[in-house]
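Throughout, protein chains are lettered first and strands after them, A, B, ... in sequence-line order, and every chain is numbered starting at 1.
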Amino acid sequence: YEPAEDTFLFMDALQEELPFLMEREPRTVLELGCGSGCVTAFLAQHLRGATFFASDINPHALQAARRVFDANKVEVELFQADLLSAWRPRGNIDVLLFNPPYVPTPKEEMTSSWIARSWAGGDRGREVVDRIFPSLQEHLSAGGCLYMVALDSNDPHDIASEMSARGFRTKVVKKRKAGIEFLLILKIWRRLQA
Amino acid sequence: ANMILLTHNMMVSPMKEASKTLPLKIEAEEVQELEKEFNLVFLVKIIDRLDWAGFLEASAILNQQGLPSSTEEIDKTNEESMRKLHHALMEVDVVTGALVCTETGRRFPIAGGIPNMLLNQDEL
């Protein structure tokens with residue numbers, strides 16, 4: 001499948017989620033591993049009243065993202081970081097976006113090159129995304145949600161049950177066949193207290 | 001893309017020895033002033049999210065004076081003071097400088113308005 005397919009699916013899903021998002025009036029939106037920034041640029045054009053942040057580990061991605069944001073006349077605060085390692089864990093994120101490296105690969109492939117880091121996901125394609133689940137409770141605001149791209153091979157039911165144990169609901173909001181796989185957009189958000 | 005004080009307020013030191021609760025200290029070399037749309041509704045809502053003491057400390061380093069010393073002192077109906085707050089939070093951009101982890105002394109450089117918060121191999 002073409003790498004851009006997941007970006008388009010992500011954007012299509014967020015387009016459909018706009019009524020939900022607008023009702024929530026998010027103040028802070030953060031995209032991890034923003035790459036060229038297309039997804040944040042898209043959402044920034046449609047969602048008013050929030051400050052947009054985007055980060056990536058790859059300095060070339062950040063430069064590309066900056067050009068995309070300028071071209072689309074959206075203001076996005078950029079920083080270079082490894083996932084949420086430099087983000088204050090205080091419920092500050094209303095919308096978290098992540099198109100992670102999700103392809104199942106041997107572990108060594110994950111750090112073989114800058115470009116490999118954007119798609120190589122290690123065991124079950126989960127090794128990168130698994131790093132953000134444990135701290136999601138501390139990072140998402142009360143009404144906050146995570147949207148992420150996944151493959152069937154990433155075992156989304158396992159993700160859902162891991163997040164359920166932490167008080168989150170998981171839903172596949174969009175799905176598209178890509179080669180022999182299915183690309184999924186997952187939405188993960190806090191279960192409301194009874 | 002800018003390193004504005006709102007972004008600074010959202011960040012912490014990624015050093016494993018750091019507590020994840022303290023603000024980073026700003027070292028500013030090149031600073032520029034931006035113009036960003038004033039949105040009172042957003043501003044009022046984001047105030048709740050801020051580490052106010054950290055914001056005041058960082059504002060002082062960037063020569064932003066006359067800010068309320070606590071969130072209780074903020075008068076949302078006073079447009080002039082809200083615009084001053086908007087300016088300090090959203091419009092002062094550290095283009096070159098550093099964010100310093102006060103617990104370890106580690107400097108995270110800011111270049112082209114982008115802070116680099118990556119750890120080195122030996123810090124992982």
Side-chain angles (χ1 to χ4, degrees), chain A residues 24-30 32 34 37 40-41 44 47-70 73-94 96 111 117 131 135 138-139 141-144, chain B residues 1-16 18-24 34-52 54-55 86 89-91 93-95 99 101 106 108-121 123-124:
Chain A
R24 296 226 160 180
E25 296 182 339
R27 278 93 86 188
T28 52
V29 179
L30 168 62
L32 299 177
C34 66
T40 291
L47 205 54
R48 304 259 138 241
T51 294
F52 288 82
F53 300 86
S55 70
D56 204 291
I57 203 167
N58 180 346
H60 311 293
L62 292 168
Q63 294 308 316
R66 175 180 252 153
R67 287 192 294 272
V68 166
F69 299 144
D70 287 348
K73 297 185 167 44
V74 289
E75 283 167 353
V76 181
E77 312 309 319
L78 279 169
F79 60 98
Q80 185 176 8
D82 182 11
L83 300 180
L84 292 165
S85 62
W87 194 265
R88 192 193 290 265
R90 235 173 64 147
N92 282 342
I93 306 172
D94 294 310
L96 184 61
T111 50
R117 291 182 84 135
R131 292 170 56 210
S135 61
E138 297 165 288
H139 276 107
S141 60
Chain B
N2 325 289
M3 220 301 298
I4 57 176
L5 289 186
L6 174 58
T7 308
H8 162 260
N9 208 271
M10 296 289 113
M11 307 196 74
V12 286
S13 170
M15 297 292 281
K16 53 180 191 270
S19 64
K20 307 275 174 203
T21 56
L22 298 180
L24 293 145
L34 313 164
E35 223 177 275
K36 292 219 173 154
E37 195 187 326
F38 175 69
N39 183 332
L40 181 64
V41 172
F42 169 79
L43 200 56
V44 165
K45 287 179 177 176
I46 208 75
I47 282 163
D48 295 336
R49 294 260 166 92
L50 299 178
D51 159 17
W52 194 257
F55 170 57
H86 163 81
L89 191 61
M90 310 291 289
E91 296 184 325
D93 169 26
V94 180
V95 179
L99 296 177
C101 171
R106 170 69 152 90
F108 295 93
I110 304 169
I114 298 182
N116 180 352
M117 311 304 295
L118 295 181
L119 297 178
N120 302 320
Q121 272 297 113
E123 292 168 331
L124 292 171

*Taking NZ, NE, NH1 and NH2 as the nitrogens, is one of them in B:R49 or A:D94 under 4.0 Å from a carboxylate oxygen of the other?*
yes
_side-chain contact (heavy atoms from CB on, under 4.5 Å), that's the test. Do A:E75 and B:E37 meet it? Break it down for me._
CA-CA 10 Å; A:E75 283 167 353; B:E37 195 187 326; 5.9 Å; no
*Indicate yes or no: at least one non-hydrogen side-chain atom of B:V94 is less than 4.5 angstrom from one of B:L5.*
no
*Against chain A, label B:L40 side chain, backbone, both or neither, depending on which of its atoms sit under 4.5 Å from a heavy atom there.*
neither
*Taking every heavy-atom pair that is under 4.5 Å apart, which of A:A54, A:S85, A:A86, A:A81 has the most such pairs with chain B?*
A:A86
*List for me each residue that meets side chain to side chain contact (heavy atoms under 4.5 Å, CB included) alongside B:A18, sequence neighbours excluded, and say none if there are none.*
B:S13, B:M15, B:C101, B:E103
*Using non-hydrogen atoms only, which part of A:A50 is less than 4.5 Å away from chain B: side chain, backbone, both, or neither?*
backbone
*Are side-chain heavy atoms of B:M3 and B:I114 found at a separation under 4.5 Å?*
no
_Going by ring pair (Phe, Tyr, Trp, His ring centres under 6.0 Å), name the residues that satisfy it together with B:F42, two or more places apart in sequence or in a different chain._
none
*Not counting sequence neighbours, which residues clear ring pair (Phe, Tyr, Trp, His ring centres under 6.0 Å) with A:F53? List them please.*
A:W87
*Under 4.5 Å heavy-atom distance to chain A, tell me which part of B:N116 shows up: side chain, backbone, both or neither.*
both
_With a 4.5 angstrom heavy-atom cut-off, is it the side chain or the backbone of B:L22 that approaches chain A, or both, or neither?_
backbone
*Applying a criterion of heavy atom separation less than 4.5 Å, what residues of residues 56-63 of chain A form contacts with chain B?*
A:I57, A:L62, A:Q63
_Closer than 4.0 angstrom, basic N to acidic O: yes or no for A:R90 and B:D51?_
no
*Let me know if A:S55 has heavy atoms under 4.5 Å from chain B in its side chain, its backbone, both or neither.*
neither
